[in-house]
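Some notes on the structure that comes next.
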Amino acid sequence: MLAAVSALPTYLPSPPRGVWELGPVPLRAYALCIIAGIVVAILWTERRFVARGGEPGTVTDIAVFAVPFGLIGGRLYHVATDWPTYFGPGGNPVAALYIWQGGLGIWGAIALGGVGAWIGCRRRGIPLTAFADAAAPGIVTAQAIGRLGNWFNQELYGGPTTLPWGLEIYRRVDPSTGVPDNLTGVVVDPTPVAIVHPTFLYELLWNLAVAALVVWADRRFRLSHGRAFALYVAGYTAGRFAIELMRTDPATRVFGDVRINVVVSAVVFLGAVVYMIVFRGRPREVFGRAAEAGSGDEAPGTPGSVAEESTGESNEDQRAHNEVEARKDEKSPAAEAGGGGGAASPSSVDAAPADPAQEREEDAPAEPPSAAKS
């Protein structure tokens, strides 16, 4: 037993390589992790979106726009904040296109991916905020899966450590030439050249915790109008702020010697918190099957489509309940019998006309009642 325990690795090992050659096609772990994260995000978002009343398949249609926009935005942000690597002295501008070598900024991915999602939502008549709330936990989980790609690339780590979960960094070389190559090379000597904080792992675990927080809060408070997405943004940036301070890899620095992502994390965090405060207490958006269920024979998505949703706010719940009850009265069989297809007041539903003259006067279609006001 003691021999087995002593045989366990003292620290976390890094993968011996990050690329496998399948004939002429290189299989890159980083790219595979990104693809796996996207698939998980789409599947989970689809499930949450349908549960909110959306039509099956809508998420995939929106992802056709959101995913490529997000990848382009993520790369643009990385290149813009690390431009000396590509456009500075000795840089290679063409390498800015080498997305498979790593380098996707989440801020650019979310910003431009949101533009793509907006286009897809507009085409399907879906509120962008409702889609964003459904997608929030899937997006941050995809980020967690994507961090595994940084492990295979031996990147995004912190300073030296003696903690038992310290990460071993190896020297990788091109096996045919012996030239150091951290991305596509392999480990020849398994002796670590450094033992560092696995900040990629810290962020991975934090992202999974944020996903769980968003799911819990959404169920508990029935978040709406983008507040679940804002909670994800606030939670992620809070952790990213702390983890970014631990990283030692090269990065663009501003305000003297502050990593740019530290500043961006702080600004975006404040923006997300303000958004959650401003839009608190609003009822959930109603669309698709949820609108049909709450509006009788009215067309889904119309202003009159109201479904009774619990929002966690007593005033809003009462207002929604009153609206539903008012529409039930308008569409009750008694109302239809008394008003010739229009609505009748409860006091006149069963009353007959006093004389034939009055009956002739009432042959004209009744003016429809005004909609219930919130």
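Only heavy atoms go into these numbers, but all of them, side chains included; no hydrogens, no water, no symmetry mates.
Atom CZ of R253 sits about 5.5 Å away from atom CZ of R259, to the nearest 0.5 Å. To the nearest 0.5 Å, atoms CG (N92) and CG (L97) are separated by 9.5 Å. Note that the CG atom of L12 and the CG atom of L201 stand 6.5 Å from one another [nearest 0.5 Å]. Here CG of D174 is found 12.0 Å from CG of L183. Values are rounded to the nearest 0.5 Å. Taken from OG1 in T45 to CG in D133, the straight-line distance is 11.0 Å, to the nearest 0.5 Å. The line from CG of L204 to CG of L148 is 5.0 Å long, rounded to the nearest 0.5 Å.
One side chain, H78 or Y86, offers a donor N or O that lies under 3.5 Å from an acceptor on the other. Y77 and N261 form a side-chain donor-acceptor contact under 3.5 Å, judged by distance and modelled atom types alone. Between the side chains of T58 and D61, not a single donor N or O lies within less than 3.5 Å of an accepting N or O. Defined by atom type and a distance below 3.5 Å, a donor-acceptor pair is missing between the side-chain atoms of E155 and Y30.
A 4.5 Å side-chain heavy-atom check between V233 and V268 finds at least one atom pair inside the cut-off. Contact of the L43 side chain with the V40 side chain is not registered, since no non-hydrogen atoms from C-beta on lie closer than 4.5 Å. Within the 4.5 Å cutoff, side-chain heavy atoms of F49 are placed close to those of I126. Side-chain contact between V264 and F269: absent, with no pair of heavy atoms (C-beta onward) separated by less than 4.5 Å. The shortest distance between side-chain heavy atoms of P56 and V50 falls below 4.5 Å. Residues I277 and R280 meet the side-chain proximity criterion, which asks for heavy atoms closer than 4.5 Å. A heavy-atom distance below 4.5 Å is found between the side chains of W44 and P137. Counting heavy atoms from C-beta on, the side chains of R240 and W107 come closer than 4.5 Å.
Considering all non-hydrogen atoms of both residues, T248 and G159 come closest at CG2-N, 3.5 Å. The minimum heavy-atom distance linking G226 with T129 is given by the pair N-CB, 3.6 Å. Here the closest non-hydrogen pair linking Y170 and E168 is OH-OE1, 2.5 Å. I145 and G37 make their closest contact through CG2-N, 3.8 Å (heavy atoms, listed as atom of the first residue, atom of the second, distance). Shown here for T237 and A234, the closest heavy-atom pair between the two residues is OG1-O, 3.1 Å. Of all non-hydrogen atoms in C33 and G149, the two that sit nearest each other are SG-N, 3.5 Å.
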Run the side-chain donor-acceptor check on residues 193-200: report pairs under 3.5 Å with partners two or more places apart or on a different chain.
{"residue": "H197", "atom": "ND1", "partner": "Y202", "partner atom": "OH", "Å": "2.8"}
{"residue": "T199", "atom": "OG1", "partner": "L156", "partner atom": "O", "Å": "2.6"}

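A donor-acceptor distance shorter than 3.5 angstrom exists from the side chain of W206 to the backbone of G235, with no hydrogens or angles considered. The closest donor-acceptor contact from the side chain of R75 to the backbone of G103 lies under 3.5 Å. Looking only at distances, a side-chain donor or acceptor of E46 sits under 3.5 Å from a matching main-chain atom of G57. A donor-acceptor contact shorter than 3.5 Å links the side chain of S224 to the backbone of R282. No donor-acceptor pair closer than 3.5 Å links the side chain of E285 to the backbone N or O of P127. Looking only at distances, no side-chain donor or acceptor of D82 sits under 3.5 Å from a matching main-chain atom of T85.
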Going through the distances and angles, do D218 and R52 end up as a salt bridge (Lys or Arg N to Asp or Glu O under 4.0 Å)? CA-CA 12 Å; D218 195 29; R52 286 171 175 252; 2.7 Å; yes

Start with the C-alpha gap between Q143 and Y236, add the side-chain angles, then the distance that decides, and say whether side chain to side chain contact (heavy atoms under 4.5 Å, CB included) holds. CA-CA 10 Å; Q143 292 175 234; Y236 170 74; 3.2 Å; yes

List the steps and the verdict of side chain to side chain contact (heavy atoms under 4.5 Å, CB included) for S14 and I169. CA-CA 6 Å; S14 291; I169 299 298; 4.0 Å; yes

Derivation and outcome, side chain to side chain contact (heavy atoms under 4.5 Å, CB included), residues F152 and L32: CA-CA 11 Å; F152 280 95; L32 294 177; over 6 Å; no

Dump the intermediate steps for side chain to side chain donor-acceptor pair (under 3.5 Å) on E244 and S265, then the final yes or no. CA-CA 9 Å; E244 194 72 23; S265 295; 5.9 Å; no

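Using a cutoff of 4.0 Å between basic side-chain nitrogens and carboxylate oxygens, R172 and D189 are not scored as salt-bridged.
L213 is connected to M276 through a chain of hydrophobic side-chain contacts under 4.5 Å among Ile, Leu, Val, Met, Phe, Trp and Tyr, so both are in one cluster. Transitive grouping of hydrophobic side chains (ILVMFWY, heavy atoms separated by less than 4.5 Å) keeps I260 and W83 in distinct clusters. When hydrophobic clusters are built by joining Ile, Leu, Val, Met, Phe, Trp and Tyr residues whose side-chain heavy atoms come closer than 4.5 Å, directly or via intermediates, L223 is grouped together with W216. Transitive grouping of hydrophobic side chains (ILVMFWY, heavy atoms separated by less than 4.5 Å) brings V274 and F279 into a common cluster. In this structure, W20 is a member of the same hydrophobic cluster as W151, with clusters built from ILVMFWY side-chain heavy atoms closer than 4.5 Å.
F65 and F69 have their aromatic ring centers separated by at least 6.0 angstrom.
Ring orientation note: the planes of F229 and Y232 are nearly perpendicular, at an angle over 60° on the 30°/60° scale.
Test N182, V188, V187, V179 against V173 for side chain to side chain contact (heavy atoms under 4.5 Å, CB included) and you get one pass: V188.
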